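Here the structure comes first, spelled out in structure tokens, and everything after it is commentary.
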Amino acid sequence: MVDDAYWMGLALAEADRAAGIGEVPVGAVVVRSGEVIGRGHNRREIDQDPFAHAELLALREAVARIGGWRLLGCELFVTLEPCAMCAGALVASRVDRLVFGAWDPKAGFCGSLGNLVQDPRLNHRLAVTAGVREAECGGRLREFFAALRRG
């Protein structure tokens with residue numbers, strides 16, 4: 001049986017793709033019924049698009065693949081706790097479950113600064129699993145920013 005660590009490994013591969021193009025190494029995959037239906041990695045600098053977060057790109061691909069905006073039965077695996085914008089997109093697209101690796105105390109909105117994805121005032125809430133392969137996910141980010149400071 002495939003577990004959360006496996007899917008997070010695919011998100012980490014997306015994060016590596018982001019790092020390879022000079023982007024902050026965040027990667028995401030959308031999984032439904034044991035199949036990846038969306039992938040994304042940060043592309044904000046390359047695309048000059050403030051919305052080109054890994055999560056949003058993965059959600060867009062998943063929506064295109066299934067032909068509808070409701071991602072019922074889907075899980076999003078992402079290497080970094082989603083920001084408020086991405087958390088809102090998860091709620092709006094009706095994703096069932098969020099799994100993330102590293103916490104983001106400066107911008108995370110799925111438990112750190114707030115918890116938009118589980119706010120009882122909203123019409124949809126997600127199950128959340130945090131800290132999956134946290135050391136690897138956080139390590140990618142620490143290495144990236146350390147290299148920026150050195151270089």
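Index from 1, following the sequence. Everything quoted here is computed from the prediction, not taken from an experiment.
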May I ask you to decide if Ala5's main-chain N or O and Arg133's side chain share a donor-acceptor pair within less than 3.5 Å?
yes
Given a cutoff of under 4.5 Å between side-chain heavy atoms of I, L, V, M, F, W and Y, with clusters grown through shared members, what are the other residues clustered with Ile21?
Ile46
Testing the basics here: between Ala28 and Leu76, what is the closest heavy-atom pair and its distance to 0.1 Å?
CB-CD1, 4.2 Å
In the single-linkage hydrophobic clustering (I, L, V, M, F, W, Y; side-chain heavy atoms under 4.5 Å), do Val132 and Leu141 co-cluster?
no
Roughly how far apart are Leu98 CG and Gln118 CD, rounded to 0.5 Å?
8.5 Å
Between the main-chain N or O of Gly27 and the side-chain N or O of Thr79, is there a donor-acceptor pair closer than 3.5 Å?
yes
Evaluate side chain to side chain contact (heavy atoms under 4.5 Å, CB included) for Phe77 paired with Val31, printing each intermediate quantity in order.
CA-CA 8 Å; Phe77 293 80; Val31 176; 3.9 Å; yes
Return all side-chain donor-acceptor pairs below 3.5 angstrom for residues 102-110, not counting sequence neighbours, or 'none' if the list is empty.
| from | atom 1 | to | atom 2 | distance (Å) |
| --- | --- | --- | --- | --- |
| Asp104 | OD1 | Lys106 | N | 3.2 |
| Asp104 | OD1 | Ala107 | N | 3.2 |

Could you grab the distance from atom CZ of Arg97 to atom CD of Glu75, nearest 0.5 Å is fine?
5.0 Å
Sequence neighbours left out, cut at 3.5 Å: what donor-acceptor pairs do the side chains of residues 48-60 make with other protein atoms?
| from | atom 1 | to | atom 2 | distance (Å) |
| --- | --- | --- | --- | --- |
| Gln48 | NE2 | Glu45 | O | 2.8 |
| Asp49 | OD1 | Phe51 | N | 2.8 |
| His53 | NE2 | Pro50 | O | 3.4 |

Any side-chain heavy-atom pair from Phe144 and Glu23 closer than 4.5 angstrom?
no
Please enumerate all residues that pass side chain to side chain contact (heavy atoms under 4.5 Å, CB included) together with Glu143, with sequence neighbours excluded.
none
May I ask you to decide if Gly111's main-chain N or O and Glu81's side chain share a donor-acceptor pair within less than 3.5 Å?
yes
More than 12 heavy atoms of other groups within 6.0 Å of Arg125 CZ:
yes
Which residues share a side-chain hydrogen bond (donor to acceptor under 3.5 Å, both in side chains) with Glu134, sequence neighbours left out
none
Please assess Asn123 against Arg94 for the test side chain to side chain contact (heavy atoms under 4.5 Å, CB included), listing each intermediate value before the final yes or no.
CA-CA 9 Å; Asn123 62 338; Arg94 311 298 196 268; 3.2 Å; yes
Partner set under side-chain hydrogen bond (donor to acceptor under 3.5 Å, both in side chains) for Arg32, not counting sequence neighbours:
none
What are the two closest heavy atoms between Leu116 and Gly88, and how far apart are they?
CD2-N, 3.4 Å
If we ignore hydrogens and angles and just use 3.5 Å, is the side chain of Asp96 paired with the main-chain N or O of Gly73 as donor and acceptor?
yes
Between Leu113 and Val128, is there shared hydrophobic-cluster membership here, with clusters defined by ILVMFWY side-chain heavy atoms closer than 4.5 Å?
yes
Min side-chain heavy-atom separation Asp16-Pro25 under 4.5 Å:
no
Would you find a donor on one side and an acceptor on the other, under 3.5 Å apart, between the side chain of Glu61 and the backbone of Arg39?
yes
Side chain proximity check, Met8 to Thr129, heavy atoms < 4.5 angstrom:
no
Same apolar cluster: Val29 and Leu80, side chain cutoff 4.5 Å
no
I would like to know whether Arg70 and His124 meet side chain to side chain contact (heavy atoms under 4.5 Å, CB included); could you show each step before the answer?
CA-CA 11 Å; Arg70 288 179 186 88; His124 180 76; over 6 Å; no
Is there a path from Leu10 to Val78 through hydrophobic residues (I, L, V, M, F, W, Y) whose side chains come within less than 4.5 Å of each other?
no
Side-chain heavy atoms of Val117 within contact of Leu122, under 4.5 Å:
no
Any link between Val30 and Leu126 through a network of hydrophobic side chains (Ile, Leu, Val, Met, Phe, Trp, Tyr) touching at under 4.5 Å?
yes
